[in-house]
Trainee: 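What follows is a structure written as structure tokens; I'll ask about it next.
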Protein chains: 2
Amino acid sequence: MVKQLGTKKVSIMDVAKEAGVSITTVSRVVNRSGVVSKKTQENVLQVIEKLRYKPDISARLLASKQVGKILGIVSPYFEGIFGSYYFSEIMRGINSVSMKEELDTLFHLSGHFTSMELSNRLVFNPSFVQGVLLIDLDGDESKVKNLKEENLSFVVINHYLENLSVHCIGIDNRSAAINAVNYLIEIGHRRIAAITGNLSTQAGIGRLEGYKKSLIDHGFDVRDDYIVGNSFHPDDARKSMEALLNLPQHPTAVFVASDEMAQEAMDVIFERGLKVPDDISMIGFDDEPLAAKARIPLTTLQQPLFDMGKMAAELILDIIQKPDKTEETKILLPTQLIKRESCKSIG
Amino acid sequence: MVKQLGTKKVSIMDVAKEAGVSITTVSRVVNRSGVVSKKTQENVLQVIEKLRYKPDISARLLASKQVGKILGIVSPYFEGIFGSYYFSEIMRGINSVSMKEELDTLFHLSGHFTSMELSNRLVFNPSFVQGVLLIDLDGDESKVKNLKEENLSFVVINHYLENLSVHCIGIDNRSAAINAVNYLIEIGHRRIAAITGNLSTQAGIGRLEGYKKSLIDHGFDVRDDYIVGNSFHPDDARKSMEALLNLPQHPTAVFVASDEMAQEAMDVIFERGLKVPDDISMIGFDDEPLAAKARIPLTTLQQPLFDMGKMAAELILDIIQKPDKTEETKILLPTQLIKRESCKSIG
DNA sequence: CTGAAAGCGCTTACAG
DNA sequence: CTGAAAGCGCTTACAG
């Protein structure tokens, strides 16, 4: 917090004096509450205009014990978060309800929040914000435990908390990956690799787990050299794909943890003079717009990002409405395999 | 605003009583201000922990006459704003400074704000927000006049206010368009059309003006039937391009007000069995990532969106620092013509 | 229809 | 090192 502007602030008292009425009356006309005679009202309104009076919101909230019409949104920051399909879609979902409810949104972008932040950041202050939406915990569930102890409504987005009694809504990454790899096996692939995402995120972990699970269920070996990467950065996908291609025997199919990375990996394949899907089949994750428009339209997993944001926002509004509700709502959203041209049956 | 949660709030008084000290002391340890004996401090800290005390921010701001560490951001809402290159880049620029300064951002997305909103919306409240960034006025400069009269720092982004003494930072759309059309003329085009953007925005107007200016400067006629569209929606670009193609003599070059629209227009051209750039040359605006990656890499105007956001954020911080500063900062950012493969010389 | 007064939960000189 | 008290700018019973 920082000192206010030097300009002398005009308060309700100034207006009352100038208008020759009590502050109660001024308050009444400002809030259009109670009864005020037409005459007084007009007079006060004029004075307000003349003095450019603006009620102090802090005082207002404090005196009325109300909460701002604000929804807090907390997300770890990552390079490219703005413009990413992931974040944009979730925001679009959240916004579809916050606009309808006339809620503004207060953003706090930062990887981690300490308990000190908890009490100091406005985003986390229950007298400020109706509730907060926590996007993508970044693997650190302990923060949520701290928040639980605060008098603050919140729901976690894109991270399903199995063992914590917390409102959350996530995506079934594991099943999605199983689906993808099952499909690859179905169409004859045996040498299937995985380029994984950040393994400190639930998405990264779940997608890798599903990959392994499908392989094991079909009686295939899980090869260490076929599991590469630990980040959602396209640059890393490039390195991962190169590593895969440098193997004595490269895979015939690759399951990649994001479309963006899959795109980059495909570029690497082309650069080596190989072809998708003829030499290597590819499956991405996200169903970004560019996945369909790519040189080789990408087979991928579609996840309901918009719905997730929307449902989360609806959920928090619901929670606020019913402060006595004790059971937690936990939602796990399904994905859908979108088959396009980047996969080919072999054998 | 909405009533607070039912849970009984614990106040500084509760902590003071439980700890057997005055509220002054509690305040001191909460704020790490003044001197407190190690012993007392530890004791108070424990009670705070035990009672889960969280200072009320409103009371705090009110009593201390401070302002929240928040930057307000106001933008007209449009379908697809999240995920748009335009908005994302500006946000990325703003965020690059707000994160460094540890400022959170309060968003208000709405086409218009009335003077009532001015006094009620938290985004506009000087005791809440350090200042506000107004993105893209949507053509309505009168709002800015109202804001001017408030005791609130703000800077306007992507709208250059010629005649108002207001901090603003815009893009030189007119020069950009002149540049583009000059180039088309240089490489031999004479039948040059324009698909315009929303003509109630400065970008839409400026780009059209520049187009006309270049034509006139070269002694060419400005043909009404070669000026189509009045929106930034790709769907409308489709209709516009169709209209152009239905003309007895279609243009040999089209200057389009955005890359996204240019993309759509190119699709229409292809569908008609024509080719870019062989039959028709195209120039877009924005230099979106997809412009370079399109089937036919698009010649376009690059505008410094990121810089605009960044500079605006830096500017407002500067203004807040120096409340006595009277001169307005007005910045008009240049664009750059990026030549790619969608234009071909003729004649 | 109007106003005096208490109170919201803090901070901050000031005094000790 | 600690506390009593005034004050921040409002709202809201309550009384008239």
Side-chain angles (χ1 to χ4, degrees), chain A residues 1-5 7-44 48 51-68 119-120 122 125-128 151, chain B residues 1-5 7-44 48 51-68 119-120 122 125-128 151:
Chain A
M1 316 176 197
V2 138
K3 282 293 167 189
Q4 212 148 299
L5 286 178
T7 345
K8 53 283 138 206
K9 190 171 189 172
V10 9
S11 78
I12 198 171
M13 262 299 287
D14 301 317
V15 176
K17 274 184 195 151
E18 179 78 15
V21 297
S22 72
I23 62 167
T24 311
T25 297
V26 176
S27 174
R28 276 197 269 258
V29 354
V30 167
N31 294 300
R32 287 129 179 67
S33 71
V35 257
V36 183
S37 77
K38 203 90 197 141
K39 209 183 179 88
T40 320
Q41 191 192 33
E42 277 166 12
N43 174 226
V44 172
I48 286 177
L51 262 41
R52 309 205 177 297
Y53 167 64
K54 283 189 77 174
D56 181 292
I57 300 255
S58 293
R60 210 151 154 169
L61 292 180
L62 180 59
S64 66
K65 299 176 189 310
Q66 291 188 321
V67 179
S119 35
N120 286 317
L122 298 185
N125 203 283
S127 61
F128 229 64
N151 173 24
Chain B
M1 314 176 197
V2 136
K3 283 291 170 191
Q4 209 148 298
L5 286 177
T7 345
K8 54 283 140 207
K9 190 169 185 172
V10 8
S11 78
I12 197 170
M13 262 298 288
D14 301 316
V15 176
K17 273 184 195 153
E18 179 79 14
V21 297
S22 71
I23 63 167
T24 311
T25 298
V26 176
S27 174
R28 276 198 269 257
V29 352
V30 167
N31 295 299
R32 286 131 182 68
S33 71
V35 259
V36 182
S37 77
K38 204 88 194 143
K39 207 180 179 91
T40 321
Q41 189 191 35
E42 277 166 12
N43 176 226
V44 172
I48 287 176
L51 263 40
R52 306 207 179 296
Y53 166 64
K54 282 191 77 174
D56 181 293
I57 301 256
S58 294
R60 209 150 152 170
L61 292 180
L62 179 59
S64 66
K65 303 177 188 309
Q66 292 189 321
V67 179
S119 37
N120 286 318
L122 298 186
N125 202 283
S127 63
F128 230 63
N151 174 23

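Below, chain A is the first sequence line, B the second, and so on; all start at residue 1.
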Trainee: For B:R28 and B:S58, find the nucleotide of DNA chain C closest to each by heavy atoms; which residue's nucleotide sits nearer the 5' end?
Mentor: B:S58

Trainee: So does A:S58 get a backbone contact from the side chain of B:N125, meaning a donor-acceptor N/O pair under 3.5 Å?
Mentor: no

Trainee: Measure the spacing between CE of B:M13 and OG of B:S22 and express it to the nearest 0.5 Å.
Mentor: 10.5 Å

Trainee: Give one of base, sugar-phosphate or nothing for B:T24, where a contact means two heavy atoms less than 4.0 Å apart.
Mentor: base

Trainee: Within this structure, what is the CD1-NZ distance for the pair A:I12 and A:K17, rounded to the nearest 0.5 Å?
Mentor: 12.5 Å

Trainee: Extract the stems that DNA chain C is part of, considering only consecutive pairing runs of at least three Watson-Crick or G-U wobble pairs, both distances under 3.5 Å.
Mentor: C:1-3 with D:14-16, C:5-12 with D:5-12, C:14-16 with D:1-3

Trainee: Rounded to whole angstroms, how far apart are CZ on A:R60 and P on D:dC8?
Mentor: 19 Å

Trainee: Going by heavy atoms closer than 4.0 Å, what residues in residues 15-23 of chain B are next to DNA chain D?
Mentor: B:V21, B:S22

Trainee: Check side chain to side chain donor-acceptor pair (under 3.5 Å) between A:S33 and all other residues, then give those that pass, not counting sequence neighbours.
Mentor: none

Trainee: Measure the distance from CG on B:N31 to P on C:dT12 and round it to the nearest whole Å.
Mentor: 7 Å

Trainee: Just call it for A:S33: base, sugar-phosphate, or nothing, with non-hydrogen atoms closer than 4.0 Å on any strand.
Mentor: nothing

Trainee: Rounding to a whole Å, what distance do you find between A:I57:CD1 and C:dG9:P?
Mentor: 19 Å

Trainee: Rounding to a whole Å, what distance do you find between A:D56:CG and C:dC10:C1'?
Mentor: 13 Å

Trainee: Name the nucleic acid region contacted by A:V35, choosing base, sugar-phosphate or nothing; use a 4.0 angstrom heavy-atom cut-off, strictly under.
Mentor: base

Trainee: CD of A:Q66 versus P of C:dG9: gap in Å, rounded?
Mentor: 14 Å

Trainee: Does B:S64 put a side-chain nitrogen or oxygen below 4.0 Å from OP1 or OP2 of C:dC10?
Mentor: no

Trainee: With sugar-phosphate meaning primed atoms plus P, OP1 and OP2, does A:S37 contact a base, only sugar-phosphate, or nothing at under 4.0 Å between heavy atoms?
Mentor: sugar-phosphate

Trainee: Roughly how many Å is it from CD in B:Q41 to P in D:dC1, rounded to a whole number?
Mentor: 11 Å

Trainee: Let me know the distance between CG of B:L61 and P of C:dC8, rounded to the nearest Å.
Mentor: 19 Å

Trainee: Can you tell me how far CG of A:D56 sits from NZ of B:K65, rounded to the nearest 0.5 angstrom?
Mentor: 9.0 Å

Trainee: Could you tell me the separation between the CG atom of B:D14 and the P atom of C:dC10, rounded to a whole number of Å?
Mentor: 9 Å

Trainee: Output all residues satisfying side chain to side chain donor-acceptor pair (under 3.5 Å) with B:T24, sequence neighbours left out; order by chain, then residue number.
Mentor: none

Trainee: Does a side-chain N or O from B:T25 land closer than 4.0 Å to OP1 or OP2 of D:dT2, or not?
Mentor: no

Trainee: Please enumerate all residues that pass side-chain contact (heavy atoms from CB on, under 4.5 Å) together with A:I48, with sequence neighbours excluded.
Mentor: A:V15, A:V29, A:V30, A:V44, A:L45, A:Y53

Trainee: Quick one: CG on A:L62 to CZ on B:R60, what's the gap to the nearest 0.5 Å?
Mentor: 13.5 Å

Trainee: Let me have the donor-acceptor pairs involving side chains of residues 36-43 of chain B, under 3.5 Å, with sequence neighbours excluded, atom names and distances please.
Mentor:
unit_1: B:S37; atom_1: OG; unit_2: B:T40; atom_2: N; d: 3.1
unit_1: B:S37; atom_1: OG; unit_2: B:T40; atom_2: OG1; d: 2.5

Trainee: Looking at B:G68 and B:L61, what are the two nearest heavy atoms and their distance?
Mentor: N-CD2, 4.0 Å

